Amino acid sequence: MVNRTVWVAIAAAIIIVPLVGSSENAGDYVGLETCAACHADVAASYGETAHANALEVLEAAGSDGDPECLSCHATGLEDSKFVDGAVTCEACHGPGGEHVATGDKAAINKEIGEADCLKCHTADWSPDFDYESYKAKGLHGSE
Ligand code: HEC
Ligand code: HEC
Ligand code: HEC
Ligand code: HEC
């Protein structure tokens, strides 16, 4: 019989472990080409989505050098430089350095929900955003 104190401790450990893992790897982006080397089918279907063109729409607007715009239209932004000019895998799945280095599938986030979208799909920039209907437009196919 697990009492309440033990259960709270277990729950806290479950929550803390992923937080520690993600902060250790913050900024450890590898880029779309690296993900695509092993997830070719996912990458091909991803390439059909609007996210793959996110830098092109900035170029068309003449704003592809503006860090404010790049914060949502590019991935792995640091000091005006970015790893990918598009909303790529790691914009949703988080930095993939540890997953690639260790081959551990638990080291990459698959539990992606509405809150992850809302970081970019804000009321200002995406007033029509609706999680279910946007997701149904397709983020990518499966493996
Ligand atoms: C060296 C090959 C390799 C590279 C590079 C790679 N992956 Fe993976 N990935 C795998 C393998 C193998 C699995 C496990 C597949 C399985 O068990 O179904 C996996 C699983 C995953 C999963 C599913 C995890 C789960 O819990 O089921 C996600 C999401 C993922 N990879 C995303 C990425 C992203 C994003 C990148 C780039 C940052 C990437 N992968 C780069 C080999 C790779
Ligand atoms: C907070 C995140 C965020 C920022 C900052 C941001 N955007 Fe966007 N932008 C989005 C999202 C999300 C969409 C898609 C909206 C939709 O379709 O619902 C979008 C769409 C666009 C589109 C329309 C693309 C199309 O397919 O027609 C243009 C153009 C654009 N943004 C330009 C800019 C410019 C220029 C800046 C900087 C001044 C900027 N954005 C800053 C998130 C952002
Ligand atoms: C890093 C920022 C970012 C994140 C995270 C993000 N998006 Fe986007 N999304 C954008 C931008 C920027 C565009 C506009 C790209 C363009 O038009 O080329 C866009 C466009 C879209 C579009 C196309 C809209 C249309 O009218 O055709 C869909 C659908 C979409 N996003 C769904 C999602 C969903 C669902 C999530 C969460 C699982 C998500 N996005 C997460 C930035 C983001
Ligand atoms: C806009 C957000 C977004 C982007 C960009 C994105 N993914 Fe995903 N991915 C998801 C979501 C959400 C799931 C969970 C799907 C579900 O609901 O089962 C997922 C699931 C996966 C899985 C698990 C198995 C599967 O096929 O469903 C793999 C592997 C994966 N993504 C790899 C990638 C790779 C590689 C890229 C870049 C080429 C990428 N993802 C880009 C949101 C995204």
Side-chain angles (χ1 to χ4, degrees), residues 2 4 6-143:
V2 177
R4 189 174 179 280
V6 171
W7 174 242
V8 168
I10 293 169
I14 292 167
I15 293 163
I16 287 162
V17 168
L19 287 177
V20 170
S22 65
S23 69
E24 273 175 358
N25 298 299
D28 198 4
Y29 289 88
V30 299
L32 170 65
E33 295 299 323
T34 300
C35 308
C38 295
H39 297 284
D41 292 349
V42 175
S45 61
Y46 156 82
E48 306 292 315
T49 69
H51 285 144
N53 295 321
L55 189 64
E56 278 82 352
V57 302
L58 282 192
E59 283 164 1
S63 303
D64 52 308
D66 185 335
E68 193 219 321
C69 312
L70 290 168
S71 69
C72 295
H73 286 254
T75 302
L77 183 72
E78 203 176 318
D79 298 333
S80 301
K81 294 200 171 95
F82 46 78
V83 175
D84 286 325
V87 178
T88 57
C89 320
E90 293 165 293
C92 291
H93 289 282
E98 189 185 350
H99 169 60
V100 173
T102 63
D104 182 1
K105 73 173 183 177
I108 189 92
N109 180 25
K110 204 180 79 167
E111 305 305 317
I112 297 160
E114 183 172 8
D116 298 290
C117 317
L118 291 173
K119 284 183 255 174
C120 300
H121 286 268
T122 58
D124 281 349
W125 282 107
S126 190
D128 299 329
F129 184 75
D130 168 71
Y131 180 62
E132 291 305 332
S133 64
Y134 267 56
K135 199 177 166 190
K137 291 185 190 186
L139 305 175
H140 57 65
S142 61
E143 291 155 284

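Read the numbers this way: they start at 1 and go in the same order the structure lists the ligands and their atoms. Owing to the predicted nature of the structure, the values given are computational and were not obtained by experimental measurement.
Contact annotation: His93 places an N, O or S atom under 2.8 Å from atom 8 (Fe) of ligand 4. Within the coordination shell of atom 8 (Fe) of ligand 4, defined by N, O or S atoms under 2.8 Å, His140 is present.
Remark: ligand 4 atoms within the under-4.0 Å shell around heavy atoms of Ala43 are 38 (C). Within ligand 4, the atoms closer than 4.0 Å to a non-hydrogen atom of Ile112 are 10 (C), 11 (C), 12 (C), 42 (C), numbered from 1 in the order shown. Residue contact check: Thr88 has heavy atoms under 4.0 Å from atoms 5 (C) of ligand 4. Under a 4.0 Å criterion applied to the non-hydrogen atoms of Cys89, ligand 4 contributes the atoms 34 (C), 35 (C), 36 (C), 37 (C), 38 (C), 39 (C), 41 (C). Within ligand 4, the atoms closer than 4.0 Å to a non-hydrogen atom of Leu32 are 38 (C), numbered from 1 in the order shown.
Only the side chain of His51 comes within contact range of ligand 3, with a heavy atom under 4.0 Å; no backbone atom does. Contact annotation: for Asn53 versus ligand 3, heavy atoms closer than 4.0 Å belong to both the backbone and the side chain. Residue contacts with ligand 3 for Leu139 involve side-chain atoms from C-beta outward but no N, CA, C or O (heavy atoms, distance under 4.0 Å).
Residue Ala50 has at least one N or O atom closer than 3.5 Å to an N or O atom of ligand 3. Considering backbone and side-chain N/O of Tyr134, one or more are found under 3.5 Å from N/O of ligand 2. Between Lys135 and ligand 4, at least one pair of N/O atoms sits closer than 3.5 Å. Here's the thing with His73: none of its N/O atoms is less than 3.5 angstrom from an N/O atom of ligand 3.
Using a 4.0 Å threshold on non-hydrogen atoms, atom 27 (O) of ligand 2 does not count as touching the protein. There is a protein heavy atom less than 4.0 angstrom from atom 3 (C) of ligand 2.
Ring geometry for Tyr134 versus His121: interplanar angle over 60°, hence perpendicular rather than tilted (30 to 60°).
For atom 25 (C) of ligand 2, the closest non-hydrogen atom of the protein is Val57 CG1, 4.2 Å. Looking at atom 38 (C) of ligand 2, its nearest protein heavy atom turns out to be Cys69 SG, 2.7 Å.
Taking atom 8 (Fe) of ligand 3 as reference, His121 places its N/O/S atom NE2 nearest.
Within the structure, ligand 2 has Leu58 among the residues with a heavy atom less than 4.0 angstrom away. In this structure, Cys120 counts as a contact residue of ligand 2, since one of its heavy atoms falls inside 4.0 Å of the ligand.
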